[in-house]
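Shown next, in structure tokens, is the structure this report addresses.
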Amino acid sequence: MKKFLTALFCVITATVSLCFTACSPAEKGGVTVYAPDGAPALAIARLMAEDVDFGREVSYHIVDASEIQSTVTALDDANNADICILPVNAASKLLGNGERYQMLGVVTHGNLFIAANKDKADLTSANFAESLNGKKIGVVNLPAFPGSAFKLILNNYNLTESVTLENVAATAVSGTSTDFDYFVLPEPAASTRAGNANLELKIVGSLQSLYGENGYPQAVLVAKKSLIESDSKFIKSFMNEMKTNADWLMKEEVTAESIISAITTHYPENTSTTFNAKNLTKTVIEHCAIWFDDCTASSTAVNNFLIELKTAGDATATAVSDNFFYYG
């Protein structure tokens, strides 16, 4: 009997020990993090540069902006990203019911600028309506978020019916153009084109300033609800690390080369990223408006912005459920 009880105790001890081992963070399985190339990639650059893994096997992936939605819409959920950065309008349409993913916070707050011939006056809230009335404007990526954001601005200034918009490539943006009066384009293209003296171009306005003092929620961080529920400690640690990224990007000792290396290391081979050593200046980084606001600080702004986008004609923008926001 004594031998039996001893053996039983050993089995119970081993089982409990195995359970604790299986539940340790290092053994909970890998976590995949996806972000589109551009400003969102900068938002996780420090995590990639330092291979921050939070005690788990975290793999970071940067993909072309056109591919990011596919990382949360696979039929087999196991193939979807555990954590992802998406444009706020796409996140609202694809994930806004909060059943599969929840929003952890806003990571970028607008990187869109207006450029024109160097002789044009700078645009402010006071002269914007008068300056653009009746003008033709080329918008880089008009069918996507840049076009939606600019239409929202036009709607706010009662200019929806009095301007002409046309989709253009960034390489067509020039102050010598006779086809367009103004251009809307993102960073780093805005600073790159304006920095070319031959183009006689300058940045004359910021969509962020025209919208409001703190810009608008452009890209948001979401996580699988199952991951949030199974490892809230990991999620909270991830969110805390996101808050340190903005300061790291602006440090003098953090070079463009080191940031780009972190991005390209996690980007598909034989492809070119948005940023390079020439165009990734501290000014461009500042223009990308990267900082992390959790849902407590940003949910109201997100809801209001989605309503404004929808009112301005964005078919993607969708009202989201209260369950979409994770307050942790």
Side-chain angles (χ1 to χ4, degrees), residues 18-65 67-88 90-91 94-108 219-246 248-249 259 261-269 273 290 292-295 298 323-328:
L18 180 61
C19 178
F20 277 116
T21 300
C23 294
S24 65
E27 297 297 327
K28 287 185 176 180
V31 175
T32 56
V33 180
Y34 280 81
D37 187 25
L42 293 180
I44 58 171
R46 186 187 71 80
L47 302 185
M48 294 188 293
E50 299 177 4
D51 289 321
V52 182
D53 62 10
F54 309 94
R56 295 187 63 161
E57 293 181 7
V58 178
S59 59
Y60 299 93
H61 307 269
I62 305 300
V63 300
D64 187 85
E67 299 175 12
I68 194 62
Q69 293 189 30
S70 66
T71 68
V72 296
T73 55
L75 294 178
D76 183 352
D77 195 49
N79 293 326
N80 286 318
D82 294 307
I83 296 176
C84 186
I85 298 178
L86 289 164
V88 65
L94 299 173
L95 313 171
N97 59 17
E99 293 178 1
R100 296 191 301 119
Y101 286 84
Q102 288 182 294
M103 182 183 122
L104 304 181
V106 176
V107 297
T108 69
V220 298
L221 181 72
V222 300
K224 278 184 178 177
K225 193 171 183 178
S226 57
L227 176 60
I228 294 172
E229 293 174 345
S230 66
D231 198 351
S232 60
K233 182 178 179 181
F234 168 82
I235 291 296
K236 290 175 182 177
S237 295
F238 194 97
M239 292 168 64
N240 286 334
E241 291 296 330
M242 288 292 292
K243 294 176 181 178
T244 69
N245 192 73
W248 178 84
L249 287 167
I259 297 171
S261 176
I263 294 173
T264 55
T265 301
H266 299 85
Y267 202 68
E269 293 183 2
T273 62
I290 297 164
F292 183 77
D293 279 341
D294 62 23
C295 289
S298 65
N323 192 45
F324 178 61
F325 301 107
Y326 171 71
Y327 294 99

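Quick note: numbers below take in every heavy atom, side chains included, and nothing from hydrogens, waters or symmetry partners.
- The shortest non-hydrogen separation linking Pro40 to Ala35 is O-CB, 4.1 Å.
- Residues Ala246 and Ile290 share a closest heavy-atom pair of CB-O, 3.1 Å.
- A donor-acceptor contact shorter than 3.5 Å links the side chain of Thr32 to the backbone of Asp82.
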Stepwise side chain to side chain contact (heavy atoms under 4.5 Å, CB included) check, Asn80 with Tyr34: CA-CA 9 Å; Asn80 286 318; Tyr34 280 81; over 6 Å; no
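- Residues Val33 and Val58 share a closest heavy-atom pair of CG2-CG1, 3.8 Å.
- Interatomic distance, CG of Asp53 versus OG of Ser237, reported as 11.0 Å (0.5 Å rounding).
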Side chain to side chain contact (heavy atoms under 4.5 Å, CB included) assessment of Ile62 paired with Ile44: CA-CA 10 Å; Ile62 305 300; Ile44 58 171; 4.0 Å; yes
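- The two residues Gln102 and Asn323 come nearest to each other via the heavy atoms NE2-O, 2.8 Å.
- In this structure, Val107 and Leu221 approach most closely via the heavy-atom pair CG1-CB, 3.9 Å.
- Residues Arg56 and Phe238 have side chains not in contact (no heavy-atom distance under 4.5 Å, counting atoms from C-beta outward).
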Evaluation steps, side chain to side chain contact (heavy atoms under 4.5 Å, CB included), between Leu86 and Val72: CA-CA 9 Å; Leu86 289 164; Val72 296; 4.2 Å; yes
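- Side-chain contact check for Met48 versus Ile263: some heavy-atom pair is nearer than 4.5 Å.
- Between Lys224 and Asp77, the closest side-chain pair of non-hydrogen atoms falls below 4.5 Å.
- Looking at heavy atoms from C-beta onward, Asp294 lies out of side-chain contact with Met242 at the 4.5 angstrom threshold.
- Atoms OG1 and NE2, from Thr273 and His266 in turn, are 13.5 Å apart once rounded to the nearest 0.5 Å.
- Counting heavy atoms from C-beta outward, Tyr326 and Lys236 have side chains that approach closer than 4.5 Å.
- Inter-residue side-chain proximity for Leu227 and Ile83 is flagged as met; some heavy-atom pair is nearer than 4.5 Å.
- Here the NZ atom belonging to Lys225 is positioned 8.5 Å from the CD1 atom belonging to Ile228, to the nearest 0.5 angstrom.
- Among all heavy-atom pairs drawn from Cys84 and Thr71, the shortest one is SG-OG1, 3.5 Å.
- Atom CD of Glu67 sits about 13.0 Å away from atom NE2 of His61, to the nearest 0.5 Å.
- Between Tyr60 and Thr265 the shortest side-chain heavy-atom distance does not fall below 4.5 Å.
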Derivation and outcome, side chain to side chain contact (heavy atoms under 4.5 Å, CB included), residues Val106 and Val88: CA-CA 8 Å; Val106 176; Val88 65; over 6 Å; no
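- Residues Asp37 and Asp64 form no side-chain contact, since every pair of their non-hydrogen atoms from C-beta on lies 4.5 Å or further apart.
- Of the inter-residue distances, the one linking Met103 atom CE with Tyr327 atom OH reads 8.0 Å to the nearest 0.5 angstrom.
- Taking the six-membered ring for Trp and thresholds of 30 and 60 degrees, Phe234 and Phe54 have ring planes more than 60 degrees apart, a perpendicular arrangement.
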